[in-house]
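Quick note: numbers below take in every heavy atom, side chains included, and nothing from hydrogens, waters or symmetry partners. Here is the naming used below: chain letters follow the sequence lines, and residue numbers restart at 1 for every chain. Everything numeric here is computed off the predicted structure, so don't read it as measured data.
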Amino acid sequence: MPELPEVETVRAGLARLLAGAVIARVELRRADLRRTIPTTLPRTLAGQPILAVRRRAKYLLLDTPAGSLLSHLGMTGTWREAPAGDERDHDHCYLHLTDGRRLAYRDPRRFGLLDLVTPGVDHPDLSGLGPEPLADEFTAAYLQGQLRGRRTAVKVRIMDQAVVVGVGNIYAQEALFRARIRPSRAAAKITHAECASLVRHIREVLQAAIAQGGTTISDFRQAGGEMGYFRVALAVYDRGGQPCTNCGAALRAGAVGGRGTVWCRSCQF
DNA sequence: ATCGGGACCTGCTTGC
DNA sequence: TGCAAGCAGGTCCCGA
């Protein structure tokens, strides 16, 4: 589900909800997510004030003096404020706040993750990540270096979190369409000019999506429960067979890197 | 080292 | 209506 714009939207919502909040108690209801949630997590975070809510790649970090609560939403993860009585299947963890409010982490497919980051200690999930796509170091020259010599599809490369973070299956397709590059092209064959266009369009599509609160496909919700409204702006994702917004030709659907992929045969080369 | 494919889970949609 | 198959925003691991 959530790619950078959705995670950033959740981050902003949580930052608003959690300004000045203090964790009273952490209630683990199910620990076997993608990895098992450490048993030390509840007692480490109990009583801790939340100092900041940050995002790195597709991870969220709730900072406290004792450590940060690291979460990843996988495909179906959500954070929401859950008033008394609002308990749902797949609520794996509740953060009870000292003001009586409760935050729920819910993830039906359990591809997500909750973990603890100890202050001053590098966390393995956060090492080896590529640059943030909206940061200055994500340049055409950098991207071309990452594509050089690679026979794999360019779409697979830009979804590799070691190359650049935050780009998933929706925004990879959207950025490649805007840059007029076929998703299946060999990475090594992308020219410098195309790298420059791709960098620009990855940035633009992510920024536009953030401005709309992300993309709601089925279950994605902002931390306050609102949907994201970028879906109306998607040009190719899930539009196989429908007319290209640029030329009107029927969009092609296939698989690239094992993931559903849609592109225009006349607009993308 | 790189690459492709399958695995991990649940839920929803589609087609017979 | 009922059921099975296929697919879904993400990673991770394995074997070639």
Tell me whether the guanidinium CZ or amine NZ of A/Arg34 lies under 6.0 angstrom from the six-membered ring centre of A/Phe111 and within 45° of its axis. no
So A/His92 and A/Tyr105, would you call those rings parallel, tilted or perpendicular, with 30° and 60° as cut-offs? tilted
Among B/dC3, C/dG10, B/dC9, which nucleotide sits nearest the side chain of A/Thr152? B/dC3
Residue A/Arg151, side-chain atoms from C-beta onward, closest of B/dC3, C/dC12, B/dT10: B/dC3
Kindly give the heavy-atom pair with the smallest separation between A/Glu81 and A/Leu103, and that separation in Å. CA-CD2, 3.7 Å
Taking every non-hydrogen atom, the tightest pair across A/Ala172 and A/Lys155: CB-CG, 4.1 Å
Without decimals, in angstroms, what is the distance between [X] [atom1] and [N] [atom2]?
X: A/Leu73; N: B/dC8; atom1: CG; atom2: C1'; value: 17 Å
X: A/Asp238; N: B/dT13; atom1: CG; atom2: P; value: 12 Å
X: A/Lys58; N: C/dG10; atom1: NZ; atom2: P; value: 4 Å
X: A/Arg157; N: B/dC3; atom1: CZ; atom2: C1'; value: 11 Å
X: A/Tyr59; N: C/dT11; atom1: OH; atom2: C1'; value: 8 Å
X: A/Asp89; N: B/dC9; atom1: CG; atom2: P; value: 17 Å
X: A/Arg35; N: C/dT11; atom1: CZ; atom2: P; value: 12 Å
X: A/Lys155; N: C/dG10; atom1: NZ; atom2: P; value: 9 Å

If I pick the [atom1] atom on [M] and the same atom on [N], what distance separates them, to the nearest angstrom?
N: C/dA5; M: B/dA7; atom1: P; value: 15 Å
N: C/dC14; M: B/dC9; atom1: P; value: 15 Å
N: B/dT14; M: C/dG9; atom1: P; value: 16 Å
N: C/dT11; M: B/dA1; atom1: P; value: 23 Å

Please give the nucleotide sitting opposite B/dC12 as a Watson-Crick or G-U wobble pair, both distances under 3.5 Å, or none. C/dG6
Contact class for A/Gly260 (heavy atom, under 4.0 Å): base, sugar-phosphate, or nothing? sugar-phosphate
By the 4.0 Å heavy-atom rule, please label A/Gly258 as base, sugar-phosphate, or nothing. nothing
Identify, between A/Arg34 and A/His90, the residue whose nearest nucleotide on DNA chain B lies closer to the 5' end. A/Arg34
With the threshold set at 4.0 Å, does a side-chain nitrogen-carboxylate oxygen contact exist between A/Asp107 and A/Arg109? no
Salt bridge or not between A/Asp125 and A/Lys58? Use side-chain N to carboxylate O under 4.0 Å. no
With respect to the phosphate group of [N], does any side-chain polar atom (N or O) of [X] fall under 4.0 Å of OP1 or OP2?
X: A/His72; N: C/dT11; value: yes
X: A/Tyr237; N: C/dG9; value: yes
X: A/Gln161; N: C/dG10; value: no
X: A/Arg109; N: B/dC8; value: no

Does C/dT11 have A/Phe111 stacked on its base, where the ring centres are within less than 5.5 Å and the planes differ by under 30°? no
